[in-house]
Amino acid sequence: MNERRKFILSMARGIGLAAMGALAWSAYVGEVRSAPLILRPPGALPESDFLRTCIKCGLCALACPYETLRLAAPGDNNPIGTPYFVPREIPCYMCEDIPCVPVCPTGALNEASLRNEAGAWEIKKMDMGVAVVDVEACVAFWGIQCDACYRACPLMDEAIYLKYEKNERTGKHAFLKPVVNTNVCTGCGLCERACITEKPAIFVLPNAIALGKVGDHYIKGWDSGDEARVAGAKAETTQTQINEKSAVDSLNSDEGF
Amino acid sequence: MKKIRFMILRRLTQFGLLGLYIGANVFGWTVLQGNLSSSLLFETIPLTDPYAIMQMTLAGAVLGFDVLLGALIITLFYLIIGGRAFCAWVCPVNLITDAANKLRRVLGISQVQKRVYMSRAIRFWILGLGLLLSFVMGVAAFEMISPISMVHRGTVFGMGLGVGAIIVIFLFDLFVHENGWCGHLCPLGAFYSLLGRFSLIRVYHDAEACTACMKCKEVCPEKEVLHMVAKRSESVVMGECTNCGRCIEVCDDDALGFSLKKFATQTKEKSL
Ligand code: SF4
Ligand code: SF4
Ligand code: SF4
Ligand code: SF4
Ligand code: SF4
């Protein structure tokens, strides 16, 4: 009997310790896996799939000729061992042959997502994030000519263009304002790298952070192509019960006075 | 020299492999690229950590063919050369824990400290917990905290605060518990010890030649596996043996040596 009690007690102790360990461990894992601002290599799966699929081998980083990709080290505050890039330091140069992707052994970098119908590489299909302009910090919006970001962009005039506007302050100059087409921009960060301000006025953010979503309630009536976007929309009919009692003319009633 | 021949060989393989990985990053060598989680040998053959693959699969990842093949190759490899041969011959953490152990012996800490108060079974709990948490959290749980990956990846790709992991393991093994990490906690070692039960290359003990000096038990990091010493002639079958060869080197009577696994029934007949 005593032996059995001992056994049960030691079992219980084991389970208690395991539960405690599991709690601390899972809390830590939950904490370190969320890095909403991280920028992943080209062709990366959506973040939660990427995190469970990347084995942290670093083959993508080894394949990158510009040393753009780095593996998160302890202390970087990013999910440990996973590849990411910091555009202001080294942007992605959007290599024509995308060497970082086919070496990935797990499929965390999805080759198929970067090929066109003919099976050739299509660098325009990269979608690491999107560039955002801080119009207060960008000197082009002050009226000073710059266009550094515009000229740095591999998809010049597609992903980023210059919008000309009259400078009413001087009356004789033009604004050359950089505007990003978020549908085309790949998030390579060459613009962020090129930006001349102390802290870049144009910078790349992950799509999930930077992009809004209209939803089904609005449609471009003038654009027949926009129908497709709301194809899945469901009509929702709400019914409000009408009050059956007659309305009371509270102002003109004597009640309460 | 004969007394440290396996030690020298082990250090050569450990540092040699590290050198190849570092060379791949620094000089662009293409012999062995990547790290211990997954690598590419001669730019063609994938090699992958099977425990990581198990966690990732449980986490719900749909994995590419390359890593699955790599995990199969590694599993077969260690089924032949001995499961925890990974520990003694490849793992970089072994360099740290061996160093701690050495210093422990020099300082005579084990004489002062009670040797064992942590169960060697904890590692198997952690192994299972790693799989369970991977399933629950949807991300390879041990890979998120693994000091083995941290140390190896850090050495190849840049350490960051990863030096902390090295220091913690070193101090733990030095002051807290003899063979604390590798012998009690590490789930990867536990995983390989499961493979080791079925491995082909094992240490064989010849009880007839043995003079019962017990030097082998003194030097072995997993003493339990040598339970047959001076009693029966048989192979070390317990998976925890790391095939480090320390016992073989230390034995003056040639009572221990590497051989293909001999099964207990065969060996008994022999000793009769
Ligand atoms: S596309 Fe080229 S520059 Fe960009 S991450 Fe891949 S290898 Fe590096
Ligand atoms: S090659 Fe793939 S699995 Fe390896 S680190 Fe890069 S993304 Fe992760
Ligand atoms: S990140 Fe900048 S440089 Fe790259 S595509 Fe977008 S706008 Fe162009
Ligand atoms: S027990 Fe773990 S840390 Fe120690 S050598 Fe083996 S795999 Fe490496
Ligand atoms: S039995 Fe021998 S080879 Fe195995 S771990 Fe112990 S000392 Fe090393």
Side-chain angles (χ1 to χ4, degrees), chain A residues 10-11 13-15 17-34 45 47-65 67 69-83 102-112, chain B residues 21 24-25 28 33-40 43 46 48-49 52-53 55-70 119 121-122 125-126 128-130 132-134 136-146 149-150 153-154 156-165:
Chain A
S10 80
M11 231 11 223
R13 201 170 90 178
I15 291 171
L17 276 174
M20 220 167 84
L23 188 71
W25 190 349
S26 60
Y28 176 77
V29 169
E31 196 59 41
V32 292
R33 78 170 161 187
S34 81
L45 297 174
E47 183 65 14
S48 65
D49 284 331
F50 180 80
L51 266 183
R52 61 166 67 101
T53 313
C54 169
I55 199 166
K56 313 175 172 84
C57 65
L59 288 175
C60 51
L62 286 178
C64 175
E67 299 189 9
L69 304 176
R70 53 176 88 170
L71 299 187
D76 287 355
N77 282 329
N78 279 317
I80 192 168
T82 57
V103 291
C104 175
T106 56
L109 304 181
N110 180 6
E111 207 176 319
Chain B
Y21 281 117
N25 192 20
Q33 296 168 287
N35 58 40
L36 288 181
S37 300
S38 192
S39 354
L40 204 53
E43 292 190 278
T48 308
D49 172 2
I53 291 299
Q55 295 170 60
M56 290 158 71
T57 309
L58 280 172
V62 184
L63 294 169
F65 174 72
D66 283 5
V67 276
L68 297 178
L69 178 65
S119 160
I122 298 178
W125 283 83
I126 299 180
L129 213 53
L132 181 73
L133 286 183
S134 300
V136 176
M137 310 277 303
V139 60
F142 182 63
E143 296 314 299
M144 283 291 190
I145 59 168
S146 163
S149 317
M150 232 180 264
R153 199 189 309 112
V156 181
F157 290 97
M159 194 59 94
L161 296 182
V163 264

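Labels below follow one simple rule: chain letters A, B, ... track the order of the sequence lines, proteins then strands, and each chain is numbered from 1.
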Do side-chain atoms of R52(A) reach the backbone of A61(B) as a donor and acceptor pair under 3.5 angstrom? no
Heavy-atom cut-off 4.5 Å, strictly under: side chain, backbone, both or neither for V156(B) against chain A? neither
For D76(A), enumerate each residue passing the side-chain hydrogen bond (donor to acceptor under 3.5 Å, both in side chains) test, keeping only those at least two apart in sequence or located in another chain. Y84(A)
For the residue pair P79(A) and M144(B), what are the closest heavy atoms and their distance? CB-CE, 4.4 Å
Could you walk me through whether V29(A) and L133(B) pass the side chain to side chain contact (heavy atoms under 4.5 Å, CB included) check? CA-CA 9 Å; V29(A) 169; L133(B) 286 183; over 6 Å; no
Audit row: Q33(B), V103(A), side chain to side chain contact (heavy atoms under 4.5 Å, CB included) steps and yes/no: CA-CA 11 Å; Q33(B) 296 168 287; V103(A) 291; over 6 Å; no
Nearest-0.5 Å distance, CG of residue L161(B) to CD1 of residue I80(A): 9.5 Å
I need the L59(A) CG to E43(B) CD distance, nearest 0.5 Å. 10.5 Å
Would you say that L62(A) contacts N25(B) through its side chain, given a criterion of any heavy-atom pair below 4.5 Å between the two side chains? yes
Heavy atoms only, distances under 4.5 angstrom: which of A165(B), G154(B), A59(B), G128(B) has the most pairs with chain A? Name it, please. A59(B)
Contact origin within T48(B) toward chain A - heavy atom pairs under 4.5 Å: side chain
Top contributor to chain B contacts, counting heavy-atom pairs under 4.5 Å, from L51(A), T106(A), D49(A): T106(A)
L69(B) versus chain A, heavy atoms under 4.5 Å apart: side chain, backbone, both or neither? neither
Just by distance, do the side chain of W25(A) and the backbone of A141(B) share a donor-acceptor pair under 3.5 Å? yes
So which part of M150(B) gets closer than 4.5 Å to some heavy atom of chain A, the side chain, the backbone, both or neither? side chain
Closest non-hydrogen atom pair, C57(A) against S38(B): CB-O, 3.3 Å
Among the listed options A52(B), A140(B), P46(B), G138(B), the residue most often paired with chain A at heavy-atom distances under 4.5 Å: G138(B)
Has N35(B) got a side-chain atom pairing as donor or acceptor with G58(A)'s backbone, closer than 3.5 angstrom? no
For L71(A), which atoms come within 4.5 Å of any heavy atom of chain B: side chain, backbone, both, or neither? side chain
Could you give me the CA-CA distance, side-chain angles and deciding distance for I53(B) and I55(A), then say whether side chain to side chain contact (heavy atoms under 4.5 Å, CB included) is met? CA-CA 8 Å; I53(B) 291 299; I55(A) 199 166; 4.0 Å; yes
Given side chain to side chain contact (heavy atoms under 4.5 Å, CB included), test L63(B) with T53(A) step by step and report yes or no. CA-CA 7 Å; L63(B) 294 169; T53(A) 313; 4.0 Å; yes
Which one of A73(A), G81(A), A18(A) has the most heavy-atom pairs closer than 4.5 Å to chain B? G81(A)
Please look at C54(A) and chain B and tell me whether the side chain, the backbone, both or neither of the residue comes under 4.5 angstrom of a heavy atom of that chain. backbone
